[in-house]
Amino acid sequence: MGHNAHVTSPDNHRAGFACFVGRPNVGKSTLMNALVGTKVAITSSKPQTTRRVIRGIVHRPDAQLIIVDTPGLHRPRTLLGERLDSLVLSTLTEVDVIGFCVPANEPIGKGDRFIADKLSAVKKTPVIAVVTKCDLASKEQVAEQLLAVSQVAEFAAIVPVSAQSGDQLDVVADVLIEHLPESPPLYEGGQLTDEPEQVLVGELIREAALEGVRDELPHSIAVVVDEMLPREGRDDLLDIYAHMFVERPSQKAIVIGHKGERLREVGTKARKQIEALLGTRVYLDLRISVAKDWQRDPKQLRRLGFYD
Ligand SMILES: Nc1nc2c(ncn2[C@@H]2O[C@H](COP(=O)(O)OP(=O)(O)OP(=O)(O)O)[C@@H](O)[C@H]2O)c(=O)[nH]1
């Protein structure tokens, strides 16, 4: 692929996306942070692609493992409830591999089974069961838990780990990486910072834009929130400048609709959701441009703010 020419990647390099799911408190965040090494999250002006909020990236010579968040599964139910559920589902279908976390030191319960069932329904994404907090359980307990987990659903693999002691972390990374596609690195190194509100705002816009046209434009809309700032002299109004990117002019036409009608609806819908989320009135300036093949083109990704 010509546009990747500047990226040196050995043959067989793998790169792709993983997410961790599981009940609250099972150790997902701790595991992600331990895998990544430092706490990292995506910045404000990075586009919310289909790939969601990035929690961190594991860079290895042979692979790049990008760990993304699943918004609804680790947040309490909010007023966004149902909407987030659909975000969760689309995250699960868009990652390359899912890590299903169950702690070694607690019996498998209803909550675990509920999530396992949801994951089994996501047929096209392999699920690795990760038995966490193994330092808190005896060897015997861990063995029993591995067996119990294997009876909950069909998993592509089951791996015990302790994020605390670091035991088996490399194995978790290896097993996840096995399920990534061959690909050059998708991101360059560099610090990313955390601005969750802006990220969620981008997500709401993207969801509004996809509504009703998901079949036509499944993975083709990215949203960049350029700026969010209070209107001068007012503390009850927030100006938000956002940009949607599609891959082709025909897609742009779909999003805009007849005489711009659809785009206005998307804007209104997104604005209402954002106002509910942030608890303030919002003026939303929403534009749309064509960025050809942005998902795989490093130049476009850089322009969209993916690289620092
Ligand atoms: N001993 C031990 N404790 C752990 C380990 N992993 C996580 N914990 C602890 O378990 C608790 C929950 O961990 P989190 O990583 O916040 O769990 P989570 O699944 O991200 O929780 P939510 O964000 O609520 O979904 C914290 O007090 C962690 O310190 C581990 O490997 N060993």
Side-chain angles (χ1 to χ4, degrees), residues 17-42 52-58 65-81 83-92 95 97-119 122 125 127-146 148-149 152-153 155 157-176 192 194-197 199-200 203 277:
F17 297 81
C19 71
F20 289 98
V21 295
R23 287 189 283 116
N25 231 28
V26 295
K28 300 180 293 291
S29 301
T30 311
L31 178 60
M32 288 189 249
N33 291 337
L35 282 169
V36 171
T38 49
K39 285 192 186 189
V40 194
I42 200 159
R52 311 295 157 191
V53 183
I54 295 182
R55 286 290 294 256
I57 302 178
V58 180
L65 175 67
I66 301 145
I67 302 174
V68 300
D69 247 352
T70 43
L73 280 181
H74 80 114
R75 272 168 203 276
R77 288 279 166 264
T78 62
L79 61 163
L80 294 167
R83 181 144 297 270
L84 284 176
D85 276 346
S86 78
L87 290 183
V88 172
L89 203 64
S90 49
T91 301
L92 296 180
V95 294
V97 60
I98 299 168
F100 169 56
C101 298
V102 182
N105 61 334
E106 291 170 37
I108 292 169
K110 251 205 210 148
D112 302 307
R113 284 179 214 285
F114 176 80
I115 295 172
D117 282 349
K118 289 228 156 179
L119 297 183
V122 186
T125 314
V127 181
I128 311 295
V130 181
V131 174
T132 58
K133 306 191 189 183
C134 284
D135 57 292
L136 295 180
S138 67
K139 275 218 164 85
E140 242 167 44
Q141 261 180 306
V142 172
E144 277 167 24
Q145 190 71 325
L146 293 174
V149 168
V152 170
F155 297 107
I158 306 180
V159 190
V161 69
S162 166
Q164 180 111 322
S165 70
D167 203 23
Q168 290 266 112
L169 268 178
D170 50 343
V171 180
V172 172
D174 283 345
V175 171
L176 293 169
L192 304 168
D194 189 13
E195 266 177 88
E197 278 184 352
V199 160
L200 201 47
E203 202 71 306
L277 173 76

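Each ligand, and each atom within it, is numbered from 1 in the order the structure gives. Values in this document were obtained by computation on a predicted structure and should not be read as measured data.
By the 4.5 Å heavy-atom criterion applied to side chains, V152 and D112 are not counted as neighbours. Looking only at side-chain heavy atoms (C-beta outward), L31 and L169 come within less than 4.5 Å of each other.
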Could you list the donor-acceptor pairs under 3.5 angstrom formed between side-chain atoms of residues 101-111 and any protein atom two or more places apart in sequence or on another chain?
from : atom 1 : to  : atom 2 : distance (Å)
E106 : OE1    : R23 : NH2    : 3.2

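Among residue pairs with one or both ends in residues 135-146, those qualifying as side-chain hydrogen bond (donor to acceptor under 3.5 Å, both in side chains) are D135-S162; sequence neighbours excluded.
The backbone and the side chain of V26 each have at least one atom closer than 4.0 Å to an atom of ligand 1 (non-hydrogen atoms only). Contacts between N25 and ligand 1, counted as non-hydrogen atom pairs separated by less than 4.0 Å, involve both the backbone and the side chain.
For ligand 1, the atoms lying closer than 4.0 Å to a non-hydrogen atom of S162 are 31 (O). Residue contact check: G27 has heavy atoms under 4.0 Å from atoms 7 (C), 13 (O), 14 (P), 15 (O), 17 (O), 18 (P), 19 (O) of ligand 1.
Every N/O-N/O distance between L31 and ligand 1 stays at or above 3.5 Å.
Between V130 and the choices V171, V161, V175, the side chain to side chain contact (heavy atoms under 4.5 Å, CB included) rule is met once, by V161.
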